[in-house]
Asks: 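I have a structure here, written as C-alpha cells, and I will follow up with some questions on it.
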2 protein chains.
Amino acid sequence: MPKLGMEPIRKDALVKATIVEIGRVGSLDVTVSQIAKRAGMSSALAHHYFGSKEDMFLAAMRHVMTIYGAEVRGALEAAEGPEGRIRAILRANFSPGNFRREAVGAWLNFWVLAQTVPEAKRLLAIYQGRLRTNLIVALRPLAGARAVDIAESLGALIDGLYLREVLKSGAPDGKAAVAIALRHLKAELARGA
Amino acid sequence: MPKLGMEPIRKDALVKATIVEIGRVGSLDVTVSQIAKRAGMSSALAHHYFGSKEDMFLAAMRHVMTIYGAEVRGALEAAEGPEGRIRAILRANFSPGNFRREAVGAWLNFWVLAQTVPEAKRLLAIYQGRLRTNLIVALRPLAGARAVDIAESLGALIDGLYLREVLKSGAPDGKAAVAIALRHLKAELARGA
DNA sequence: AAGTTTATTGACTCGTCAATCAACAAAAAA
DNA sequence: TTTTTTGTTGATTGACGAGTCAATAAACTT
C-alpha cells in the first residue's frame with residue numbers, strides 16, 4: 001500500500017482539514033484526531049508529519065495567507081489604473097471566500113494565536129505589510145505624499161469592516177463593505193485636492 | 001469561618017480573576033482551577049457559584065463591557081460640544097486601560113467566543129449598538145442626515161485601529177489611533193460641506 | 001436546642017487528548 | 001536478497017481538567 005511521495009499529499013490534506021475543523025468548531029479547540037480523521041488518516045500519522053499540533057496550526061495559517069496573497073495578486077493583475085487597483089484590493093479582501101466559515105475561523109483565531117505564538121505574530125505582520133505596500137503603491141499616483149497615511153487608515157478600515165461583517169448576525173455583505181471603504185477613500189482624496 | 005453574604009464577593013473575585021487569567025494565557029484555554037486559585041478559593045467553590053466555565057466567561061464579558069460602558073459615559077459627560085463628544089468617545093476607546101493585557105485578551109477572545117456562543121454574540125451586539133448610537137448622536141449636529149453613514153465607517157475604523165494596535169509589535173499608541181480616526185472624521189465632514 | 005441555610009473544600013469520577021511506541025508493510029537501495 | 005527508508009496504525013502512556021459529592025463548619029431561624 002505505501003506509495004512513496006506521500007508526505008506532501010498528507011501534509012496538504014492535514015493543512016486543509018485543520019482549517020476546516022477550526023472553522024467548524026469556531027475555535028482552536030480542535031483535536032488532532034478530529035483533524036486527522038477529516039484528512040483521512042490516523043492521528044499518529046498527523047503527528048508523524050507535523051511534530052505537534054502547533055506546527056499544524058502554523059502551517060494552516062501560512063496556507064490561508066498564501067491563498068489570500070494569491071487572491072490579491074490575481075485581482076491586481078487584472079486591474080486597470082490606480083483606482084482600479086484599489087478596487088481590486090478591496091474586492092479581494094471582501095470576496096465571498098473570505099466570509100466562508102473556514103476563512104473567518106482562521107482569521108479570528110489566528111489573531112488570538114498571534115498573542116502568544118511569536119511565529120503567528122510574524123506571519124500576521126507579513127500579511128499586514130503586504131496589504132500596506134499594495135495600498136501605498138496604488139495610492140501613490142492618487143495621493144502622492146499622503147499615500148502612506150491614507151494606506152494606514154484604509155488598511156485599518158478594511159480590518160474593522162471585515163470584523164464587523166463577520167461578527168454581525170445575518171449574511172455578511174462584502175459589497176457594502178467595499179462601498180464604505182471607497183467612500184472613505186474618496187473623502188480622503190477630496191481633502192487633499 | 002463562613003461569613004454570610006459571600007456570594008457577590010466571591011463572584012466578583014472570580015470574574016476579575018477570569019479576565020486576568022485570560023489575559024495572562026492569551027486564550028480561553030484557562031482552567032477553572034487557575035481562575036479559582038487566583039481568586040483565592042477552591043475550584044469547587046467556583047463551580048458552586050457559577051454553574052460552568054462558560055457562565056464564568058459570560059459574566060467576565062459582561063463585566064468588561066460594563067467597565068467599557070462606564071468609561072464612555074464618564075468621558076461623554078465631561079465633553080463639550082459635538083466634536084468634543086466625538087473626541088471623548090475616541091479617547092475612551094483608545095485609553096491605556098483598553099490596551100492592558102487583560103482587556104486585549106478579553107476583547108480578542110470574546111470575538112472568538114461570539115462565533116459559537118449566542119449569548120456572547122448578543123453581548124457584543126449590544127456593545128456595538130451603544131457605540132453606534134453614541135456616535136450618531138454626536139455626529140448629528142455636525143453631519144445631519146449623513147451621521148448614520150459616518151458613524152458606520154467611524155465605528156469600523158475604531159475597531160480596525162484597535163485591532164492593529166493590539167496585534168502590532170511594540171507598545172500600542174492610543175494617541176496615534178485617535179489622530180487617524182479624527183482625520184477620517186474631518187475628511188468625511190469636509191466632503192459633506 | 002434542633003433544624004435549616006450558606007460557605008467551603010478535598011477527594012473523586014469520568015472523560016479527553018497530545019504525544020509516543022512497537023509493529024507491520026512495501027518500495028528502494030545495496 | 002538483505003537492508004534501509006518511507007508509510008501507516010492500534011494501542012498505550014501520562015497528564016490534565018470539568019464537574020460532582022460527601023463532609024465539615026459556622027451562622028441564622030424557630
Asks: Extract all donor-acceptor atom pairs below 3.5 Å that involve side chains of residues 119-127 of chain A and protein atoms in other chains or at least two apart in sequence.
Replies:
residue, atom, partner, partner atom, Å
A/Glu119, OE1, A/Arg122, NH1, 2.5
A/Glu119, OE2, A/Arg62, NH2, 3.3
A/Glu119, OE2, A/Arg122, NH1, 2.7
A/Tyr127, OH, A/Asp159, OD1, 3.1

Asks: Counting only heavy atoms and a strict 4.0 angstrom limit, can you tell me which residues of residues 30-42 of chain A come near DNA chain D?
Replies: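 Listed by number, they are A/Met41, A/Ser42.
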Asks: Could you give all pairs that pass the ring pair (Phe, Tyr, Trp, His ring centres under 6.0 Å) test and reach residues 80-103 of chain A, with sequence neighbours left out?
Replies: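 Those involving residues 80-103 of chain A are A/Phe99-A/Tyr162.
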Asks: Could you identify which residues of residues 44-61 of chain B place a heavy atom less than 4.0 Å from some atom of DNA chain D, listed by residue number, or say none?
Replies: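 Under 4.0 Å from DNA chain D: B/Ala44, B/His47, B/Ser52, B/Lys53.
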Asks: Under the side-chain hydrogen bond (donor to acceptor under 3.5 Å, both in side chains) rule, collect the residues that match up with A/Arg130, sequence neighbours excluded.
Replies: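 Listed in chain order: nothing, the list is empty.
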Asks: Hey, are A/Lys16 and A/Glu102 close enough for a salt bridge, meaning a charged N less than 4.0 Å from a carboxylate O?
Replies: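 Looking at A/Lys16 and A/Glu102, the cut-off is not met.
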Asks: Given atom CE of B/Met6 and atom C1' of D/dC28, what is their separation to the nearest angstrom?
Replies: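 Result: 15 Å.
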Asks: In residues 11-28 of chain B, which ones come under 4.0 Å of DNA chain D, going by heavy atoms?
Replies: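 Nothing qualifies; none.
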Asks: With a 4.0 Å limit, can you tell me whether A/Arg10 has a side-chain N or O closer than that to the phosphate oxygens OP1/OP2 of D/dT6?
Replies: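 False: A/Arg10 side-chain N/O out of range (4.0 Å or more) of D/dT6 OP1/OP2.
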Asks: Using links of under 4.5 Å between side-chain heavy atoms of ILVMFWY residues, direct or through other members, which residues join B/Val20 in one cluster?
Replies: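 Members other than B/Val20 - counting any ILVMFWY side chain reachable under 4.5 Å - there are none.
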Asks: Rest of the hydrophobic cluster containing A/Ile136 (Ile/Leu/Val/Met/Phe/Trp/Tyr, side-chain heavy atoms under 4.5 Å)?
Replies: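 Joined to A/Ile136, directly or through intermediates: A/Val148.
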Asks: Sequence neighbours left out, cut at 3.5 Å: what donor-acceptor pairs do the side chains of residues 69-77 of chain A make with other protein atoms?
Replies:
residue, atom, partner, partner atom, Å
A/Glu71, OE2, A/Ser95, OG, 2.8

Asks: Partners of B/Arg38 by side-chain hydrogen bond (donor to acceptor under 3.5 Å, both in side chains), sequence neighbours excluded?
Replies: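 So B/Arg38 forms a side-chain hydrogen bond (donor to acceptor under 3.5 Å, both in side chains) with B/Glu21.
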Asks: With A/Gln34, which residues qualify under side-chain hydrogen bond (donor to acceptor under 3.5 Å, both in side chains), at least two apart?
Replies: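 Partners of A/Gln34 under the side-chain hydrogen bond (donor to acceptor under 3.5 Å, both in side chains) test: none.
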Asks: Enumerate donor-acceptor pairs with a distance under 3.5 Å from any side-chain N or O in residues 51-61 of chain A to protein atoms, sequence neighbours excluded.
Replies:
residue, atom, partner, partner atom, Å
A/Ser52, OG, A/Asp55, N, 3.3
A/Lys53, NZ, A/Val30, O, 3.0

Asks: Please report the distance, rounded to the nearest Å, between CG in A/Leu4 and C1' in C/dA27.
Replies: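 So the two atoms are 5 Å apart, to the nearest Å.
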